[in-house]
> 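Sending over a structure as C-alpha cells; questions will come in a sec.
Residue numbering restarts at 1 for every chain, and letters A, B, ... go by the order of the sequence lines.
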Amino acid sequence: MTKKDKILITTAIDYANSPIHIGHAYQKILADVLARYNRILGKEVYFTTGTDEHGQNIEETARKKNLEPKEYVDQIAKKDKEELDLLNISYNRFIRTTDADHEKYVKEFWKKTKNKGDLYKEKSEGYYCLGCEAFKRKSELVNGRCGDHPSKDLQKIEEENYFFKWSKYQSFLLNLLEKKEDFVVPKNKKREMINFLKQGLKDISVSRKNIDWGISVPEDQEQTIYVWFDALINYYSAAQPKGFWDEQTHIIHLLGKDNLRWHALLWPAMLKAADLRVPDVILAHEFLSMKSKKLSKSENNIITVSEIVKKFGRGVARYYLLRHGPLFKDADISWDRVENVYNKELADGLGNLVQRVSKVCSRSDYKADFNLPEKFSPYIENNLNNFNFNQALKEIWNKISKENKYLEKKEFWHKQNKELTEILGHAVKTVRQIAYDLKPFLPEIAEEIEKRFNSKKIKFGKPLFPKK
RNA sequence: CGCGGGGUAGAGCAAUGGCAGCUCGUCAGGCCCAUAACCUGAAGGUUGGGGGUUCGAAUCCCCUCCCCGCAACCA
C-alpha cells in the first residue's frame with residue numbers, strides 16, 4: 001500500500017445466478033478488513049461490492065423459475081446483501097450491473113473505446129456450445145466438439161460481432177506486469193499472467209446478437225454488450241462519481257483466482273483504451289473447499305454465511321476465514337474444524353484471557369488508567385501492508401499465549417496491593433491493545449472487549465465465546 | 001509435452017542447503033484467577049517412492065507414483 005490518502009477497495013461482483021456462499025464471503029471479509037484498517041488510519045476509503053446480473057445464463061435461470069430476469073436478480077441481490085450484513089461488511093456501495101448509472105457509464109466507456117478505434121465489427125463463424133453457454137473458436141474444439149461438453153452438439157453460428165483490439169495492448173500489459181512490483185499479488189500469479197501474455201493475445205468478441213438481457217450497444221440496438229465487458233466497468237461506475245478513480249487514489253481490486261485473467265489483462269487494456277488510469281494492486285486469493293471437494297451448489301456442498309453465524313455467532317466466520325482461509329493457498333473447511341477453532345482459539349484463547357483478567361480486576365479494587373492504545377501494533381501494520389491477513393491474526397494470538405504464560409508465572413490470583421496492581425496493569429494494557437488490533441478483523445468482538453476494558457473499573461461479563 | 005498448486009507426526013500446516021518445528025489431538029504432572037479454561041513436560045516423523053549432487057538434502061538435479069485446481073463467463 002502507499003501513502004496516498006484516498007483508497008478504493010473493490011471486491012468482484014458476484015454472478016447473480018445463485019446467492020453467495022462462504023467462499024464468496026471470504027473475499028468480502030478480506031476487503032472489509034482493509035477498508036476498516038485504512039479508515040482507522042484516517043484514510044478516505046471507498047469500498048464497493050455488488051452483483052453481476054446480465055447474461056444469458058441468468059436470463060434462462062429466471063425463465064425456468066417463471067420470473068422476469070429483473071425480478072430474479074432483485075431477489076438474489078437482496079439475499080446477497082443480507083449475507084454481507086450478517087458479516088458486518090462495511091461497503092460503501094453495493095453496485096448492480098442493472099443500476100441505471102452503471103448502464104450509463106458502460107455506454108460511455110463503449111463510445112470512448114469505439115472512438116479510439118479499438119472496437120471493430122467483424123463477421124465470424126462461431127460454434128456455440130450449449131453446455132458452456134459460450135462461443136468456441138474453431139481452434140478450441142476437440143474433434144469438432146467442445147472439450148468440456150463432448151456429448152453436446154455444437155451449433156454453428158455465423159454472426160457479426162464487435163471485437164475489442166486486445167492484441168494491441170499486449171506490450172502495454174507486459175510492461176505493466178513486469179515493471180509494477182505489486183500489480184498482481186501474489187508473485188506466482190503474476191508470473192502466470194506474464195506467461196499467458198507471452199503466448200499472445202487474440203482480439204476478443206465483446207458483443208452478442210440476439211441476447212436481450214444485457215446492455216445494448218450504443219447506436220446498434222441489435223447488439224448486446226458481452227457480460228465481462230459490462231461487469232468490469234462496475235468498478236469505474238461506482239468509484240468515478242465519488243472521486244475515487246483519479247491519480248490520487250490507491251486502487252486495490254480483490255478477486256478470486258478464476259477471475260484473474262480478466263482483471264489483470266482485459267481490464268487494464270480496456271482502461272487504457274478509454275484513456276483512464278489502471279489499478280494499483282490486483283490481489284487474487286485461492287479457493288475454499290469443503291472436505292476436499294469444491295464448493296458447489298449442485299453437489300450440495302456449500303456452507304452459507306447465515307448457517308455459520310447461526311451456529312457460532314457473529315465474528316466467527318470472519319475469524320475462521322481470516323486465520324485459516326485460502327489466502328495464497330487453497331484451504332479446506334469443515335464443520336468439525338470450525339468448531340475446533342471456535343473452542344480452542346476463540347473460547348479458550350481470546351475469550352478465556354478476557355475472562356480471567358477481568359474477573360481478578362473486578363473482584364479487587366483495581367483501578368485502571370486511561371492510557372488507551374492509539375495505534376496498531378507494528379506487526380499488524382507490517383502484515384496488512386503485505387496482505388498477510390492470517391499472519392496478522394497469528395501474531396495477536398501469540399500475544400494472547402504470551403500473556404497467559406506471564407499471568408501463570410506471576411500467579412496473579414494470589415497477589416495483592418502494589419504487586420497485583422502492577423501485574424494487572426500489564427494484563428489490562430495487553431488486552432486493550434489486542435482489542436485495538438482486532439478492530440479491522442473482528443469489529444464486534446473488539447467493541448465488546450473495549451466496553452469492558454476501556455474504563456477505570458474493568459467489568460466482568462458473560463463469556464465472549466461460550467464453549468460448544 | 002497446455003498452465004499451476006500440493007504430498008512433512010493421528011489431523012491441519014511451517015521450515016529453500018546446516019540439530020525437522022508449530023497448532024490441535026493423545027498421555028503424564030502442575031495450578032485453582034478463568035468458559036473442565038490456563039501452565040509445564042512426554043510420546044509420536046526413515047519429510048509419497050527411487051536414484052544423483054554435497055562434508056551435509058524436506059530443501060538442489062533426474063526419474064517415478066498419487067491428489068487438487070485452472071484451461072479465456074464459478075470467489
Side-chain angles (χ1 to χ4, degrees), chain A residues 11-15 17-18 20-28 30 52 54-58 132-137 140 147-148 166 188-189 191-192 195-196 199 201-202 204-205 226-231 254-262 265-266 284-289 292-298 323-326 328-332 334 336-337 340-341 343-349 351-364 390 394 397-398 400-401 403-415 420 423-424 427 460 462-468:
Chain A
T11 72
I13 52 176
D14 300 301
Y15 202 55
N17 222 346
S18 54
I20 58 169
H21 56 61
I22 198 78
H24 302 89
Y26 174 61
Q27 182 184 105
K28 318 304 168 196
L30 295 180
D52 177 11
H54 288 133
Q56 195 175 7
N57 273 312
I58 287 182
C132 302
E133 302 284 11
F135 275 105
K136 299 277 158 181
R137 285 170 189 276
E140 291 176 86
D148 295 331
W166 202 5
N188 63 324
K189 288 277 178 285
R191 232 176 297 129
E192 216 176 309
N195 288 339
F196 181 77
Q199 292 169 24
L201 287 177
K202 290 177 205 143
I204 180 175
S205 154
Y226 183 65
V227 290
W228 263 109
F229 198 86
D230 163 2
L254 277 92
L255 43 128
K257 59 178 169 185
D258 57 328
N259 281 342
L260 182 58
R261 255 178 216 175
W262 299 109
L265 304 179
L266 180 60
H285 60 76
E286 305 276 324
F287 279 180
L288 195 62
S289 59
S292 311
K293 272 167 47 191
K294 227 164 137 173
L295 294 179
S296 147
K297 211 186 167 194
S298 52
R323 177 83 189 263
H324 304 285
F328 299 134
K329 198 174 174 187
D330 287 341
D332 201 60
S334 70
D336 284 354
R337 210 174 291 166
N340 189 256
V341 164
N343 281 327
K344 296 311 298 180
E345 295 174 21
L346 290 171
D348 296 351
N352 186 54
L353 179 66
V354 166
Q355 290 307 85
R356 66 194 304 211
V357 173
S358 59
K359 183 57 180 267
V360 175
C361 283
S362 67
R363 76 172 189 187
S364 68
N390 42 13
K394 199 171 171 191
W397 259 255
N398 283 342
I400 292 171
S401 166
E403 195 61 21
N404 270 326
K405 287 182 179 54
Y406 169 81
L407 294 175
E408 204 71 28
K409 200 174 137 212
K410 295 279 185 184
E411 298 186 3
F412 77 136
W413 53 90
H414 282 151
K415 301 297 195 247
L420 179 63
I423 299 165
L424 288 179
F460 179 77
K462 280 190 186 143
L464 295 172
F465 306 97
K467 279 291 266 265
K468 299 284 176 196

> Using a heavy-atom cut-off of under 4.0 Å over every strand shown, decide if A:K28 touches base, sugar-phosphate, or nothing.
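Nothing: the residue A:K28, judged by heavy atoms under 4.0 Å, touches no strand.
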> If you take all heavy atoms of A:D332 and A:S289, which pair is closest and at what distance?
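Scanning both residues completely, I find the closest heavy atoms to be OD1-OG, 2.6 Å.
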> When rounded to the nearest Å, what value does the distance between P atoms of B:G44 and B:A9 take?
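Looking at atom P only, B:G44 and B:A9 are 14 Å apart.
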> Taking the six-membered ring of A:F196 (Phe, Tyr or Trp), confirm whether the NZ or CZ of A:R261 is under 6.0 Å from its centre and within 45° of its axis.
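Yes, a cation-pi geometry holds between A:R261 and A:F196.
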> Would you mind pulling out the nucleotide paired to B:A42, Watson-Crick or G-U wobble, both distances under 3.5 Å?
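When the pairing criteria are applied, B:U26 turns out to be the nucleotide that pairs with B:A42.
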> Scan A:D14 against the nucleic acid and name what it touches under 4.0 Å (heavy atoms): base, sugar-phosphate only, or nothing.
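Since only primed, P, OP1 and OP2 atoms lie under 4.0 Å of A:D14, the category is sugar-phosphate.
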> Rounded to whole angstrom, note down the C1' distance from B:C67 over to B:A42.
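Those two atoms are separated by 34 Å.
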> Surrounding NZ of A:K410 (heavy atoms of other residues, nucleotides or ligands, distance under 6.0 Å), is the total greater than 12?
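Result for NZ/A:K410: open.
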> For the P atoms, the ones on B:U53 and on B:A43, what distance do you get once it is rounded to whole angstrom?
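That atom pair is separated by 36 Å.
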> So, for A:H285 and A:F328, is the gap between ring centers shorter than 6.0 Å?
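Not under 6.0 Å, so no.
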> Scan A:G23 against the nucleic acid and name what it touches under 4.0 Å (heavy atoms): base, sugar-phosphate only, or nothing.
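Base, at least one base heavy atom under 4.0 Å.
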> If I take atom NZ in residue A:K202 and atom P in nucleotide B:A71, what distance separates them, rounded to the nearest angstrom?
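These atoms are roughly 15 Å apart.
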> Shortest non-hydrogen contact from A:K202 to A:W166?
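Reported closest heavy-atom pair: O-CE3, 3.5 Å.
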> Can you check each nucleotide of nucleotides 29-39 of chain B against protein heavy atoms at under 4.0 Å and return B for base, S for sugar-phosphate only, - for none, in 5' to 3' order?
-BSSBBB-SBS
> May I ask you to say what A:D332 touches in the nucleic acid, namely base, sugar-phosphate or nothing, with a heavy-atom cut-off under 4.0 Å?
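Result for A:D332 = nothing.
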> Just how far, in rounded Å, is P of B:C73 from CD of A:Q56?
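It is 14 Å, rounded to the nearest whole Å.
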> Quantified in whole Å, what is the C1' atom distance between nucleotide B:G12 and nucleotide B:G17?
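That atom pair is separated by 27 Å.
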> Please confirm whether the shortest side-chain N or O distance from A:Y15 to OP1 or OP2 of B:A75 is below 4.0 Å.
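For B:A75, OP1/OP2 do not have a side-chain N/O of A:Y15 under 4.0 Å.
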> Quick one: look up who B:A34 pairs with, Watson-Crick or G-U, both distances under 3.5 Å, and put none if it's unpaired.
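In the structure as shown, B:A34 has no Watson-Crick or wobble partner.
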> Side chain of A:L288: nearest nucleotide among B:A75, B:G4, B:U23?
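Ranking B:A75, B:G4, B:U23 by closest atom to the A:L288 side chain puts B:A75 first.
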> Using the C1' atom on both, measure B:U59 against B:G18 and round to a whole Å.
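Nearest-Å result for B:U59 against B:G18 at atom C1': 11 Å.
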> Identify whether any heavy atom of A:K462 sits under 4.0 Å from a base atom; if not, whether one sits that close to sugar-phosphate; answer base, sugar-phosphate or nothing.
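Since no nucleic acid heavy atom lies under 4.0 Å of A:K462, the category is nothing.
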> Specify the separation, in whole Å, of atom NE2 of A:H54 and atom C1' of B:C74.
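Going from NE2 in A:H54 over to C1' in B:C74 covers 19 Å.
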> Rounded off to whole Å, could you give me the NZ-to-C1' distance for the A:K257 and B:A75 pair?
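These atoms are roughly 10 Å apart.
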> Please give, in whole Å, the distance from B:C74 P to A:D330 CG?
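Atom-to-atom, A:D330 to B:C74, this comes out as 16 Å.
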> Which whole number of Å gives the distance between the P atom of B:U40 and that of B:U23?
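Each nucleotide's P atom is 10 Å from the other's.
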> Could you work out which one of B:C73, B:A72, B:G6 sits closest to the side chain of A:K329?
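Output: B:G6.
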> Could you work out the separation of B:A58 and B:G48 based on their P atoms and round it to a whole Å?
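Between the two P atoms, the distance is 10 Å.
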> Just the rounded figure in Å: distance from C1' of B:C74 to CD1 of A:I22.
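So the CD1-C1' distance, A:I22 to B:C74, works out to 16 Å.
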> Side chain of A:D258 only, please: which of B:A75, B:G4, B:U23 is the nearest?
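Nearest listed nucleotide: B:A75.
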> Looking only at non-hydrogen atoms, find the nearest pair between A:L346 and A:F465 and report the distance.
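Scanning both residues, the minimum pair turns out to be O-CD1, 3.3 Å.
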> Using Watson-Crick or G-U wobble geometry with both distances under 3.5 Å, which nucleotide pairs with B:U54?
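The base-pairing partner of B:U54, which may sit in any strand shown, does not exist here.
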> What interatomic distance, in whole Å, is found between P of B:U46 and the corresponding atom of B:A20?
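After rounding to an integer number of Å, I get 14 Å for this pair.
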> Counting only Watson-Crick or G-U wobble pairs whose two distances fall under 3.5 Å, which nucleotide matches B:A72?
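WC or wobble partner does not exist here.
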> If you check the A:F196 side chain, which of B:A14, B:A72, B:C74 turns out closest?
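Within the option list, the nearest is B:A72.
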> Closest heavy-atom contact between A:G325 and A:A331?
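Here A:G325 and A:A331 meet closest at C-CB, 3.8 Å.
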> Looking at B:A75 and A:F287: do their rings stack (centroid distance under 5.5 Å, interplanar angle under 30°)?
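Yes; centroid distance and tilt both under limits.
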> Can you measure A:H285 atom NE2 to B:G5 atom C1' for me and round it to whole angstrom units?
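My rounded result for the distance is 16 Å.
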> Taking the nucleotide of RNA chain B with the closest heavy atom to each, which residue, A:N340 or A:Q27, is nearer the 5' end?
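Whichever sits nearer the 5' end wins; that is A:N340.
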> Taking all atoms of both residues into account, what is the closest heavy-atom pair of A:S364 and A:L420, and its distance?
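For A:S364 versus A:L420, the nearest heavy atoms are CB-CD2, 3.9 Å.
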> Rounded to whole Å, please give me the gap between NE2 in A:H324 and P in B:G12.
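The answer, rounded to whole Å, is 14 Å.
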> Should A:L407 and A:L353 be marked as a side-chain contact (heavy atoms from CB on, under 4.5 Å) after you check the CA-CA gap, both sets of side-chain angles, and the distance that decides it?
CA-CA 10 Å; A:L407 294 175; A:L353 179 66; 3.9 Å; yes
> Determine, stepwise, if the pair A:E345 / A:K394 fulfils salt bridge (Lys or Arg N to Asp or Glu O under 4.0 Å).
CA-CA 10 Å; A:E345 295 174 21; A:K394 199 171 171 191; over 6 Å; no
> Give a yes/no on whether any side-chain N or O of A:W397 is located under 4.0 angstrom from OP1 or OP2 of B:U23.
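For B:U23, neither OP1 nor OP2 has a side-chain N or O of A:W397 closer than 4.0 Å.
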